[in-house]
Protein chains: 2
Amino acid sequence: MDDSAQKTRTRGSRRTDIRRENEQLILRAAEKVFAEAGFGGATMQLIADMAGLPKANLHYYFATKEELYRRVVEDIFQIWLRAADSFDNAPDPASGIGAYIEAKMRISREHPFGSKVWASEVMHGAPVIQDYLETTLRDWTEGRITAIRRWIDQGQMAPIDPRHLLYMIWATTQHYADFGHQIETLNGGKPLNDRQWQAATDSVKAIILRGIGLSGA
Amino acid sequence: MDDSAQKTRTRGSRRTDIRRENEQLILRAAEKVFAEAGFGGATMQLIADMAGLPKANLHYYFATKEELYRRVVEDIFQIWLRAADSFDNAPDPASGIGAYIEAKMRISREHPFGSKVWASEVMHGAPVIQDYLETTLRDWTEGRITAIRRWIDQGQMAPIDPRHLLYMIWATTQHYADFGHQIETLNGGKPLNDRQWQAATDSVKAIILRGIGLSGA
DNA sequence: AAATTTGTTGACCGGCTGGTCAGGTTGTGG
DNA sequence: CCACAACCTGACCAGCCGGTCAACAAATTT
């Protein structure tokens with residue numbers, strides 16, 4: 001019965017543990033509720049029930065609904081960006097773009113709620129993360145466009161518009177999270193299994209890589 | 001000042017005109033508000049203001065918020081399905097799939113609000129149009145898969161998984177509506193102009209058609 | 001022109017929402 | 001073991017929401 005956190009020594013005082021754990025508990029519950037009901041449809045009570053805490057406790061850790069929502073969206077954006085590393089350190093386009101597609105497909109499967117919250121946020125005009133779009137995302141995008149253009153200039157891939165290639169990758173990979181319910185329905189009401197996820201990833205990679213003048217895996 | 005509708009003779013009695021016009025006015029306003037705020041975030045008051053009518057008048061034409069929302073979603077689905085005609089009556093895959101992509105890109109530009117409402121509905125688990133997914137959409141999808149598979153068997157295109165090709169077309173074309181705000185931000189804050197929309201359509205067609213073993217336009 | 005049906009609207013209501021707060025409990029440092 | 005800080009929560013509140021309704025205006029029928 002002694003599940004104290006003596007092992008996690010550094011800063012592992014009981015107090016900070018409680019804070020960290022409860023914040024994560026609330027954030028996970030919020031991510032799901034925001035994804036399934038939208039910001040407007042989500043209620044603090046619903047999130048509290050999902051987290052198994054009294055509503056007032058939520059307001060102890062997150063002052064307002066907006067603040068909680070902002071934290072959820074920011075956390076997702078970080079995961080998003082980390083997947084971009086697949087792109088870097090790749091000398092040839094086939095491996096770089098291929099790995100990026102695989103990473104984004106993996107995220108769609110492991111973080112479907114986050115993907116939906118992000119999609120919802122952008123669809124509603126990005127009221128909370130507009131600054132991220134204008135700074136971090138824009139910089140990242142321009143960097144990748146330059147990289148892709150270099151590959152094209154070196155004759156390593158077909159002369160397509162890098163921007164629309166990126167949009168296609170984003171759209172297609174995130175589709176498996178955002179429209180997961182539709183895909184599930186068209187799959188006989190059952191979620192994609194391991195084999196089907198692999199087939200989806202292979203199909204996306206095959207079409208896109210061949211579409212930009214590469215042979216594929 | 002006499003804008004009476006005497007020309008539209010058949011069933012153009014003043015009364016039915018009023019009903020038809022007000023319903024359309026409300027539906028257009030509702031489409032925009034639902035798209036920008038989500039179902040939960042939208043309020044009847046907001047829709048009423050957007051339509052320039054008192055709130056009580058909305059409830060005269062549409063009993064509940066759910067009923068109004070359902071009509072909006074159903075209308076979009078019809079537009080969606082009509083674009084599918086591009087697929088039919090096309091003997092070869094390049095023209096059939098190419099025309100379908102063009103039609104869906106056109107819809108994304110002309111009905112961005114509708115596309116967002118549809119996306120939102122599916123993301124939230126399709127509480128309103130689940131039956132459409134299980135019947136109409138499923139039948140349509142199976143039919144197209146069969147058609148594509150026939151093209152593959154006849155050696156007219158590469159042996160890709162037709163299902164994931166359809167998902168890619170849906171995802172990519174609808175992305176330009178659903179994530180229009182993000183695309184606009186990455187375009188210097190300005191919406192895509194005619195030339196840019198054409199470039200986007202051409203890029204999508206080029207990558208996908210080459211990706212499935214066709215030369216493109 | 002009377003009667004009837006259809007359209008219009010301000011005022012109102014119960015219920016739910018995000019958020020507050022006082023008072024209690026638990027952990028921590030001295 | 002005491003004092004203080006962090007944590008917890010039931011009860012409460014003002015404001016907004018979807019929806020109702022009675023009373024009225026306009027069109028249509030008879």
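Naming convention: chains lettered A, B, ... in sequence-line order (proteins, then strands); numbering from 1 in each chain.
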- prompt: Do the two ring centres, one from B:Trp140 and one from B:Tyr100, sit under 6.0 Å apart?
  reply: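 Ring centres of B:Tyr100 and B:Trp140 closer than 6.0 Å.
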Pair B:Trp170 and B:Tyr167, ring centroids less than 6.0 Å apart: yes
OP1 or OP2 of [N] under 4.0 Å from side-chain N/O of [X]:
X       : N      : value
A:Arg19 : D:dA6  : no
B:Asn22 : C:dT8  : yes
A:Tyr60 : C:dG19 : no

- request: Return yes if the base of C:dG19 and the side-chain atoms of A:Lys65 contain a donor-acceptor N/O pair under 3.5 Å, otherwise no.
  value: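 Flag unset: no donor-acceptor pair detected.
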What is the nucleic acid contact for [X], judged by heavy atoms within less than 4.0 Å: base, sugar-phosphate only, or nothing?
X       : result
B:Ala42 : sugar-phosphate
A:Phe62 : nothing
A:Glu66 : sugar-phosphate

Quick check for you: among [options], whose closest atom lies nearest to any side-chain atom of [X]?
X       : options                : value
B:His59 : C:dG10, C:dT20, D:dG19 : D:dG19
A:Asn57 : C:dT20, D:dC7, D:dT9   : D:dT9
A:Ile18 : D:dG19, D:dC7, C:dT9   : D:dC7
A:Thr43 : D:dC7, C:dG18, D:dC17  : C:dG18

Can you tell me how far [atom2] of [N] sits from [atom1] of [X], to the nearest Å?
X       : N      : atom1 : atom2 : result
B:Leu58 : D:dG18 : CG    : P     : 10 Å
B:Asp17 : D:dA26 : CG    : C1'   : 15 Å
B:Leu53 : C:dT8  : CG    : P     : 8 Å
A:Tyr61 : C:dT20 : OH    : P     : 17 Å
A:Asp49 : C:dT17 : CG    : P     : 10 Å
A:Lys55 : C:dT17 : NZ    : C1'   : 7 Å
A:Ile47 : C:dG18 : CD1   : P     : 8 Å
A:Ile26 : D:dC8  : CD1   : P     : 9 Å

task: Look only at the side chain of B:Asn187 and the backbone of B:Gly189, and say whether a donor-acceptor pair between them is shorter than 3.5 Å.
output: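 Side chain of B:Asn187 to backbone of B:Gly189: no pair is present.
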message: Is it the case that the side chains of A:Tyr69 and A:Glu121 hold a donor-acceptor pair, with the cut-off being a distance below 3.5 Å and no angle test?
response: yes
task: Kindly determine whether A:Glu102 and A:Lys205 satisfy salt bridge (Lys or Arg N to Asp or Glu O under 4.0 Å), including the steps that lead there.
output: CA-CA 8 Å; A:Glu102 283 178 6; A:Lys205 274 180 62 181; 2.6 Å; yes
